[in-house]
Every structure is written in C-alpha cells, then in structure tokens.
Amino acid sequence: MPSLITLADILAARDRIAPAAVRTPLVPLSRERLRAADFATLADTSPEIYLKDESAQPIKSFKLRGAYNKIAQLSPEELKRGVITYSSGNHAQGVAYSARALGAKAVIVMPFNSPQIKIDATRALGAEVVFVGPASSERKLKAEELAAAHGYTIIPPYDDPAIIAGQATCGLEIIEDLPQIDLVLAPVSGGGLLSGVATAVKSLSPHTKVYGVEPELAGDTAESFRIGSIVTWPAELTSRTLADGLRTQSVGERNFAHIQAFVDGIVTVTEAEIRAAMRAIVAATRLVPEPSGAVAAAALLFHAAELPAFSTAAAVVSGGNVDPALLAQILTEA
C-alpha cells in the first residue's frame with residue numbers, strides 16, 4: 001500500500017504553488033439559472049449547487065496545481081537538465097507553463113489525437129511536443145525512453161505524491177470557502193484530481209461525501225472501485241469518449257490508494273449527458289467547460305438518485321480547453 005499524503009503536505013503545496021496557481025471561484029448554480037437551463041426539477045428541490053471553476057487557472061485547467069508543485073521541488077541541476085511528461089493536453093500545458101516559469105526545458109509526449117487547441121497551447125508555452133499513438137501506455141513508455149536518453153526528470157501526470165498534493169489544494173479551497181458543504185464531486189481518470197480533492201476534503205470535513213465521476217465509455221476507475229483492485233481498459237475503449245482528458249487506461253496505484261481511503265463512490269455518465277451538461281453550464285453560468293470538465297456537473301444533473309442526499313454540493317469544472325468547432329456543435333444541437 002503506497003503511503004498517503006497528509007494535510008501538512010497539502011498546506012505546503014498551497015504555499016509552494018502560490019506564485020503560479022490562482023484561487024479559483026465557486027460559481028453558484030441558482031434555481032433561476034437551473035430553470036433557464038431546462039433543469040426545473042432539480043431547481044425545485046432547492047439544493048445549493050456550486051461549480052469550482054478550474055478553467056480560471058492561467059492554463060484553463062487544474063493541472064497547473066500539481067505540475068508546479070512537483071517542478072518547484074526539483075534541484076537546480078534537475079531543472080537544468082529539463083523535464084518531460086506524457087499527457088493528452090492539460091497536464092502538458094501545466095508542465096510547460098511551470099517549466100517556463102522555473103527556467104527549465106519541457107518535452108511533452110502527446111497522443112496524435114489530442115485536440116489541436118491543446119497541442120497549440122502547449123507549444124505556445126515553449127514546450128517541445130513528441131507524438132505517439134492514442135494509448136496512454138504508449139505515452140508513458142516514450143517519455144521513459146527519452147528521459148533515459150537525455151537525463152530529463154519525468155513529471156508524472158497523476159501517480160506521484162507531489163502531483164496529488166498539488167491537486168488537493170483544489171479541495172482545500174472548497175472546504176475553506178464552503179465549510180458547510182456535504183457533497184463534492186470531481187472527474188476521475190488517472191486519479192490525480194479525485195485522490196487529492198478527496199484527501200483534502202476528508203482531512204478537514206470528514207462528514208462531507210466525495211464522489212468521483214467518469215464517462216461510461218472510459219469507466220475503468222469505476223470498475224476498479226467496485227471490485228477493489230485496479231483494472232486496465234484497452235485504448236480502443238477509453239478513446240471512444242468525447243472527454244479527451246479522461247481517456248487514461250487505468251487509475252494510478254497511489255491515486256487508487258487515496259481513492260479507496262477517502263472516496264465514497266464513483267458514478268459514470270453517458271456521452272449525451274456530458275454534452276447536455278456542457279450546454280447547461282454555458283447557459284446557466286457562461287463558464288465554458290471542455291467535455292472532461294463537465295462530467296462532475298453531469299452527475300449532479302442526471303444521476304442525483306445515485307448520490308447521497310445533500311443540501312450543498314460542489315462539482316469541479318476541471319478545465320475549459322475546448323475546441324471551438326466542437327463547442328459550437330454541442331451548443332447548437334438539440
């Protein structure tokens with residue numbers, strides 16, 4: 001069993017990332033806004049629902065928290081040699097942004113089917129991009145190969161204590177801003193965000209329930225949670241989902257240990273529900289989530305019966321790096 005991070009680790013991460021990451025807002029979903037977005041039934045139950053807007057980060061994703069926390073702890077020699085990671089897009093930008101801020105070269109291994117908006121943003125931050133196939137395992141192997149050849153330090157996307165502690169600062173902020181909250185939902189793929197958020201929430205507010213949310217088409221973590229051991233889905237299955245940030249083939253080992261210790265449940269959502277949640281978020285708040293960023297809200301909007309009763313809930317909108325053409329398509333479909 002991997003050792004779990006502590007509240008002290010999370011508080012140290014908060015101080016460490018302060019030069020780069022912002023404290024993101026909790027945006028309320030009022031009853032009037034829910035009705036306007038065609039969710040009158042949910043509005044009539046009168047819950048308080050908030051969206052934790054991680055698209056407000058400089059790279060429009062929570063991934064900056066963990067990446068900066070990890071890279072800021074490297075030695076001057078490690079920074080001089082450079083860093084490398086493997087990512088479909090948002091962690092890529094987090095590493096590129098952090099490396100540039102801390103004076104290190106960044107190399108990013110990305111799948112060729114990453115959204116162009118994420119590829120362009122990563123390059124704009126000064127990173128070198130290397131492409132491989134769609135499998136998350138391919139990305140990891142290529143990064144390890146290049147690290148061995150050039151001396152780069154690998155910045156894992158999720159299975160690392162410093163990454164988990166950085167992402168946990170998101171949960172820390174939720175509890176500090178809403179101490180009365182009784183339900184928090186976060187997307188899950190590799191598990192960095194969910195494991196961190198759950199650890200922070202349960203450390204400060206043990207009564208608060210924490211749920212992960214995953215696309216049905218990439219539901220490996222939900223299956224792992226259900227049976228109590230990590231399972232791996234093939235890339236041809238996980239790559240089916242529109243939520244490109246949630247296509248990882250298996251949850252990380254350290255992440256799963258935290259999830260088993262602190263998460264109360266995991267629900268899955270359909271592709272149609274993800275698209276509808278994107279429309280609802282835009283209509284109700286004017287936030288613009290990417291598909292991965294809408295899954296937690298989709299669980300609240302469509303799967304309330306699978307969640308514990310709540311009076312106050314927050315769903316993490318994990319990112320807003322959405323392709324404009326895809327967004328236009330989703331917003332105009334019936």
Side-chain angles (χ1 to χ4, degrees), residues 5-34 42-43 45-66 68-69 94 164-188 192-213 258 262-264 277 280-281 284-289 293-301 307-320:
I5 65 166
T6 66
L7 181 58
D9 295 325
I10 301 169
L11 294 172
R14 177 176 62 181
D15 294 339
R16 197 175 290 117
I17 69 175
V22 302
R23 188 185 185 97
T24 55
L26 283 163
V27 179
L29 272 179
S30 67
R31 282 179 287 178
E32 292 74 18
R33 286 174 168 178
L34 284 168
L42 184 61
T45 64
S46 301
E48 289 186 44
I49 296 176
Y50 295 84
L51 301 180
K52 177 66 167 170
D53 180 22
E54 286 298 292
S55 70
Q57 293 292 353
I59 63 163
K60 296 187 178 181
S61 166
F62 76 95
K63 288 285 192 176
L64 178 59
R65 297 176 183 268
Y68 195 93
N69 189 48
I164 296 171
Q167 318 306 25
T169 60
C170 176
L172 186 69
E173 293 172 9
I174 293 173
I175 295 299
E176 289 176 343
D177 291 345
L178 283 174
Q180 78 279 15
I181 195 167
D182 42 30
L183 177 62
V184 175
L185 300 98
V188 57
L193 180 62
L194 179 61
S195 60
V197 165
T199 304
V201 168
K202 293 293 188 178
S203 297
L204 294 173
S205 182
H207 73 276
T208 301
K209 301 296 184 183
V210 180
Y211 271 65
V213 188
H258 288 77
F262 299 117
V263 171
D264 296 289
I281 292 170
T285 68
R286 297 301 184 262
L287 300 182
V288 181
V295 298
L300 280 174
L301 297 175
L307 300 171
F310 66 91
S311 58
T312 306
V316 179
V317 177
S318 57

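Remember, it's a predicted structure, so these values are computed and weren't measured experimentally. Numbering of residues begins at 1 and proceeds along the displayed sequence.
Exactly one of Thr208, Val263, Asp264 qualifies for a side chain to side chain contact (heavy atoms under 4.5 Å, CB included) with Lys202. That residue is Asp264.
Closest of all the heavy-atom pairs between Ser318 and Leu193 is CB-CD2, 4.0 Å. Of all the heavy atoms in Pro289 and Val317, the pair that sits closest is CB-CG1, 3.8 Å. In plain terms, the two heavy atoms of Pro58 and Leu64 that are nearest each other are CD-CD2, 3.6 Å. Minimum interatomic distance between Pro187 and Val295 (heavy atoms only, all atoms of both residues): CB-CG2, 3.6 Å. The nearest pair of heavy atoms linking Ile175 to Ser205 is CD1-CB, 3.9 Å. Between Gly171 and Ala200, the closest heavy-atom pair is C-CB, 4.0 Å.
Counting heavy atoms from C-beta on, the side chains of Ile181 and Phe310 never come closer than 4.5 Å. Between Leu178 and Tyr50, some side-chain heavy-atom pair lies under the 4.5 Å cut-off. With contacts defined as side-chain heavy-atom distances shorter than 4.5 Å, the pair Ser55/Val288 does not qualify. Put simply, the side chain of Leu7 reaches to within 4.5 Å of the side chain of Leu172, judged on heavy atoms. Contact of the Thr169 side chain with the Ile10 side chain is registered, since non-hydrogen atoms from C-beta on lie closer than 4.5 Å. At least one side-chain heavy atom of Leu307 sits under 4.5 Å from a side-chain heavy atom of Leu185. Looking at heavy atoms from C-beta onward, Phe262 lies out of side-chain contact with Val197 at the 4.5 angstrom threshold.
Partners of Ala56 under the side chain to side chain contact (heavy atoms under 4.5 Å, CB included) rule, at least two apart in sequence or in another chain, are Thr24, Pro25, Asp53. Residues meeting the side-chain hydrogen bond (donor to acceptor under 3.5 Å, both in side chains) test with Thr199, sequence neighbours left out: none. In this view, Lys209 satisfies the side-chain hydrogen bond (donor to acceptor under 3.5 Å, both in side chains) rule with no residue, not counting sequence neighbours. With sequence neighbours excluded, the residues forming a side-chain hydrogen bond (donor to acceptor under 3.5 Å, both in side chains) with Thr6 are Asp9, listed by chain and number. Ser203 pairs by the side-chain hydrogen bond (donor to acceptor under 3.5 Å, both in side chains) definition with nothing, not counting sequence neighbours.
Thr312 OG1 to Ile174 CD1: the interatomic distance, rounded to the nearest 0.5 Å, is 12.5 Å. Here Ile59 contributes atom CD1 and Glu54 contributes atom CD; the two are 9.5 Å apart, rounded to the nearest 0.5 Å. One distance of note links CD1 of Ile281 with CG of Leu287; it measures 7.5 Å at 0.5 Å rounding.
For Gln167 (side chain) and Leu194 (main-chain N/O), no donor-acceptor pair under 3.5 Å exists by modelled atom type. Although no hydrogens or angles enter the test, the distance criterion places a donor-acceptor pair under 3.5 Å between the side chain of Ser195 and the main chain of Gly192.
Among pairs with a residue in residues 169-183, those fulfilling salt bridge (Lys or Arg N to Asp or Glu O under 4.0 Å) read Arg14-Glu176, Arg23-Glu176, Arg23-Asp177, Lys52-Glu173, Arg65-Glu173, at least two apart in sequence or across chains.
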